[in-house]
Each structure stands twice: as C-alpha cells, then as structure tokens.
Amino acid sequence: MERIQMTTPLVEMDGDEMTRILWRMIKETLICPHVDIKTDYYDLSLLNRNATGDQVTVDAANATKALGVAVKCATITPNAQRMEEYPELTEMWKSPNGTIRSILDGTVFRAPITVNRIKPVVKNWHLPITIARHAYGDVYKSVDMVTDEPGTANLTFKGASGAMQTLTVAALDGPAVLQGMHNTETSIRSFARACFEYCIDTKQDLWFSTKDTISKVYDGRFKAIFEAEFEAYRARFDALGITYFYTLIDDAVARVIRSEGGFVWACKNYDGDVMSDMVSTAFGSLAMMTSVLVSPDGPVEYEAAHGTVTKHYYRHLKGEKTSTNPIATIFAWSGALRKRGELDGLDKLVEYANALEAASLETLEAGIMTKDLAGLVEDGGPVTPVDSETFLDEIANKLKGKLG
Ligand code: NAP
Ligand code: MG
C-alpha cells in the first residue's frame, strides 16, 4: 500500500515517561504504516532539556511559530522530588508548557473526547464542552499584603509620562488583607482573537462570561474588548451559522448545566481554572481530554491534557504490561495531522486523521478499552479491559479496514 506523503514538516515534541513509550507505540502501529511522516523533531525529555540548558524547548516553540503546527508529548515539570530522582539536573527547569505558551502568546482550549458508552455525569450533555482559559494575569500575577493596624490603602498608577492616577481601595479601621492584580490590553485582545479563530476552525458557538455587573471596569474591559474584536470575525461567524454570545458568569453556569453541550466557553483565568476541572470530571476522565494551544497569529500546538503517568511508567520499567489510555495522545496526533493536511491542501492526510479518530472511537464503542475507562461503562454491554498494546493493535486493525 502506498503511504500518504506530507509536504510541510510537523513540529514533533517528544516527552517523558509512560507517554514517551505510548508516543513511540502510536507512531509505529497507527501512523507510520499509513503516512510517510515528515517531522521537525525536538526531544523535550527532561534530560535533554537539561543537556541543552532548556534551549530545545525554545527552539521547538520557535519552530512551531515558523511551521504553524506542532504535536507535543507530555513532559515532566521538575519539582524538589524530581531533583532527587534525577541528580544530574543542573537546574529546576521551568514548565515547558509555560515556556511554549509565553513564546506563542496562546490560549489553551481543553476539549473532552466523548463516546456513547461513557455518559457524562450531566445527562443532557450530548456534545463536548470546550473550555478556553485565558492563561495570563489576574490573580495568577497578583501581589498580596497583610496589614496589622488601621490605615488607608490606595491604588496608584504612575504613567511613563509622569501622569498619576490614585484611587482609595479602603479606609481600614483594623488589620486587613489586600491584593493588587492586573491584565493587559494586548493579552485580552489575543485571548479574544484566539477564541474567535478556534470557533471558526471547529465550527462551534462561542460563549464568554465575566462578572461585569460587579467588576464594572475590570471585567467590563474584557467584555468591551471581546465585542470590539468580534467585529472582524462577524461575517465569518454568520457564514458558518455560528454565534458569539456574552452573558454574566452566574447565568453561564446555569445555562451550561442545562445545555446539550457543543460550544466553546471562554473563561477568565480563575474561572477557567476552576470550570475546566469541573467540566473534565463531569465528562469522565482526564485521559480523554485534549488540549490545544492556539496562538493569535495562527500557530497551533496539540497535546493530551494529562501528564506523563509516572506510576504506570515505573510498572512498565519492571516489565509489566500497563493499561495506560493512549486516546488523548492519539487525538493530539490526529488533530495536528488534520490541521497540517488542511493548511497544505492534502485531502488524503485529512481523511487519514478522520479515519484514525473514527477507528479509535469505534474500538471504544465495541467495549475494548483501557482499565481507566472500563469502570465508567454503565450500560451493561460487553466490556473487555485490555493493556495499551492490545488496545492499539485493535485500533490498528479497524484503521486498516477503513483505509484499505
Ligand atoms: P498524570 O500523569 O496526569 O497522572 C495522574 C494519574 O491520572 C495517573 O496516576 C493515572 O491514575 C491517571 N491517568 C492520567 N493519564 C492517564 C492515562 N493516559 N491513562 C490511564 N490513567 C491515566 O499526572 P501526575 O501524576 O500529577 O504528573 C506526572 C508528571 O506529569 C509530572 O512530572 C508532571 O510535571 C507532568 N505533567 C505534565 C503535563 C504536560 O506535559 N502537559 C501535564 C500534567 C502533568 P492511576 O495511577 O490511578 O492509574
Ligand atoms: Mg484547576
């Protein structure tokens, strides 16, 4: 059988532990037999980041800017315990995702992969709900203070021109806690544009919510910027029959629970942090969640939302066959290959990506699944829990049937 050819290379960021093992298995069993993959390869494993002084992460992010599409394996973000585990580390390297996000100035979209056999906790959610989290500023870049006597707290801005603005936060008659936070016009605009682009790409409605009835100026600015930015996208939204909808966060929460799903919910940083955990838990499993980083200039990076699954890796090292779920990593590859195909006009590559996703979902619907999912099926139908290797072989068989 002739393999599908690519024109532009895909930026491939390899990673750590169990997901690195799955990465190679996915390539060998599902991709390479059908696609002559062309990648610009970066090894983001912890030891290689250490050996290159983390330059490899910066190079991978810059390559994504240049080539437009990347696929990333989960990576270890070192902490104190990892410093002991890997004594050769010369530094506690920063999160690669943080480094990549700051270079691409992106917004993170988290979407669940849904199957009929596994029902969300919320019965009326028939379609996935994607959370778009603004990943800059607010309480995540704030300063705090505790005071122990009466006094006055002010908020002062001194402009580069020398102009000053001062507001009284509070006249305090006793000990208090204070916090100062900010966001930037540029970051909010990028966030808005990334949301509109993503919705056009995935043909879904966009919801955006803040608390602008209370935070009239701060959240009001978010609302106004989204409204202004939307003007440049309105015609394309109309052409696709999709809508942009703003509402108060309280109202959004109630509507989300009553909805059928099938839309993107843009959230401010804190709201997105909290709501993405709520939504992903309600849909079933972290192992079924994809994560896409969209830069306002166009580049896109696809990955699984979960980490390197350390516990399974140590079992794998002891020679055990693990039942680690590869679905989110497979969908990172299919998402990236589909995007590459669309950008380069390669219909065969797009068809392949669609077939890979369909084969994966049909395998799950047939009840062949990894152990993390097997326990979530409640329909009484057949379920066969399998190890990762058997699961991938089953998908490979279904895929051959579709492409052959
Ligand atoms: P994790 O790797 O997501 O795993 C947490 C637990 O969730 C696992 O022990 C496993 O539960 C379950 N799980 C997650 N993915 C699974 C899958 N594909 N199949 C089956 N079960 C799955 O999170 P972590 O243990 O907190 O972090 C491990 C490492 O990953 C850390 O070094 C962290 O820095 C890194 N991390 C990287 C990323 C990223 O690169 N995007 C994101 C998060 C964390 P059971 O053990 O009960 O089976
Ligand atoms: Mg959270």
Side-chain angles (χ1 to χ4, degrees), residues 12-23 25-26 42-50 54 56-57 60-61 64 70-86 89 92-102 104 106 108-113 115 118 133 135 273 276-277 280-281 283-293 301-318 320-333 335-336 360 364 368-376 385-392 395:
E12 175 183 355
M13 307 183 198
D14 209 342
D16 290 300
E17 300 192 318
M18 200 60 215
T19 41
R20 187 181 178 98
I21 307 290
L22 290 177
W23 195 259
M25 287 164 68
I26 290 168
Y42 296 86
D43 181 3
L44 264 58
S45 63
L46 181 56
L47 291 180
N48 195 46
R49 277 178 275 144
N50 187 60
D54 211 21
V56 67
T57 309
T64 306
V71 59
K72 180 181 171 289
C73 179
T75 46
I76 293 170
T77 297
N79 54 14
Q81 184 223 320
R82 296 288 195 180
M83 298 302 283
E84 279 172 30
E85 187 181 349
Y86 295 91
L89 294 185
M92 204 191 287
W93 302 105
K94 280 192 275 182
S95 150
N97 284 9
T99 304
I100 295 164
R101 207 176 294 155
S102 70
L104 296 178
V108 176
F109 296 84
R110 272 187 160 204
I113 299 154
V115 279
I118 298 164
R133 173 182 169 189
D273 184 351
S276 67
D277 284 356
S280 66
T281 307
F283 269 108
S285 166
L286 189 59
M288 295 289 279
M289 189 69 60
T290 60
S291 179
V292 187
L293 175 69
E301 181 231 291
Y302 295 82
E303 66 173 324
H306 61 77
T308 58
V309 212
T310 311
K311 282 190 216 148
H312 293 214
Y313 180 58
Y314 281 100
R315 295 214 295 270
H316 166 84
L317 288 183
K318 283 194 217 142
E320 256 181 68
K321 283 197 172 187
T322 72
S323 185
T324 317
N325 189 340
I327 288 284
T329 306
I330 294 172
F331 274 63
W333 273 99
S360 306
L364 292 174
I368 299 162
M369 47 183 70
T370 45
K371 284 181 189 153
D372 57 309
L373 297 182
L376 299 174
V386 292
D387 59 53
S388 305
E389 221 175 297
T390 311
F391 183 58
L392 290 171
I395 298 174

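For this chain, numbers begin at 1 and follow the sequence in order. Counting starts at 1 for both ligands and their atoms, in listed order. Note: hydrogens, waters and symmetry copies are ignored here, and every other heavy atom, side chains too, is used.
- Nearest protein neighbour of atom 39 (C) of ligand 1, counting heavy atoms only, is Asn97 ND2, 3.8 Å.
- Among all non-hydrogen protein atoms, the one lying nearest atom 14 (C) of ligand 1 is His306 CB, 3.9 Å.
- Taking every non-hydrogen atom of Ala287 and a distance limit under 4.0 Å, the qualifying atoms of ligand 1 come out as 16 (C), 17 (C), 18 (N), 19 (N).
- Side-chain contact between Ile21 and Tyr313 is present, with heavy atoms from C-beta onward closer than 4.5 Å.
- Remark: the Asn48 side chain and the Ser45 side chain contain no N/O donor-acceptor pair separated by less than 3.5 Å.
- Side-chain contact between Leu293 and Lys72 is absent, with no heavy atoms from C-beta onward closer than 4.5 Å.
- Ligand 1 has a nitrogen or oxygen under 3.5 angstrom from a nitrogen or oxygen of Val309.
- Remark: side-chain polar atoms of Arg110 are not paired, donor with acceptor, to backbone N or O of Ser291 under 3.5 angstrom.
- Between the side chains of Thr310 and Arg82, at least one donor N or O sits under 3.5 Å from an acceptor N or O.
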Take Thr370 and Asp372 through the test side-chain hydrogen bond (donor to acceptor under 3.5 Å, both in side chains) and record every step on the way to the result. CA-CA 6 Å; Thr370 45; Asp372 57 309; 2.6 Å; yes
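- Remark: minimum distance from atom 29 (C) of ligand 1 to any protein heavy atom is reached at Thr308 OG1, 3.0 Å.
- Contact annotation: Arg82 has at least one heavy atom less than 4.0 Å from an atom of ligand 1.
- At least one N or O atom of Gly307, backbone or side chain, sits closer than 3.5 Å to an N or O atom of ligand 1.
- The single protein non-hydrogen atom nearest to atom 47 (O) of ligand 1 is Lys311 NZ, 4.6 Å, given as residue, atom name and distance.
- For atom 42 (C) of ligand 1, a protein heavy-atom neighbour is found at a distance under 4.0 Å.
- The shortest N or O to N or O distance between Glu17 and ligand 1 is not under 3.5 Å.
- Of all protein heavy atoms, the one closest to atom 33 (C) of ligand 1 is Thr77 N, 4.2 Å.
- At a distance under 4.0 Å, a protein heavy atom can be found next to atom 2 (O) of ligand 1.
- With Ser280 contributing its side chain and Leu286 its backbone, the two residues share no donor-acceptor pair below 3.5 Å.
- For the pair Thr75 and ligand 1, the shortest N or O to N or O distance falls below 3.5 Å.
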Please lay out, stage by stage, how Thr329 and His306 fare under the test side-chain contact (heavy atoms from CB on, under 4.5 Å). CA-CA 9 Å; Thr329 306; His306 61 77; 4.1 Å; yes
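- Ligand-side atoms of ligand 1 in range of Ala74: 40 (O), range being under 4.0 angstrom from any heavy atom.
- Within the 4.0 angstrom cut-off, atom 7 (O) of ligand 1 has no protein heavy-atom neighbours.
- Ligand 1 places these atoms under 4.0 Å from at least one heavy atom of Lys72: 40 (O).
- Of the N or O atoms in His312, one or more lie within a sub-3.5 Å distance of an N or O in ligand 1.
- Side chains of Phe391 and Thr324 form no contact here, defined as non-hydrogen atoms less than 4.5 Å apart.
- The protein heavy atom nearest to atom 18 (N) of ligand 1 is Asn325 O, 2.8 Å.
- Looking only at distances, a side-chain donor or acceptor of Ser388 sits under 3.5 Å from a matching main-chain atom of Thr322.
- Between Leu364 and Met288, some side-chain heavy-atom pair lies under the 4.5 Å cut-off.
- Here the closest heavy-atom approach between residue Tyr302 and residue Ala332 is recorded as CB-O, 3.4 Å.
- In this structure, atom 25 (O) of ligand 1 is not in close contact with the protein, since no protein heavy atom lies within 4.0 Å of it.
- If you number the atoms of ligand 1 from 1 as listed, the ones under 4.0 Å from a heavy atom of Thr310 come out as 28 (C), 29 (C).
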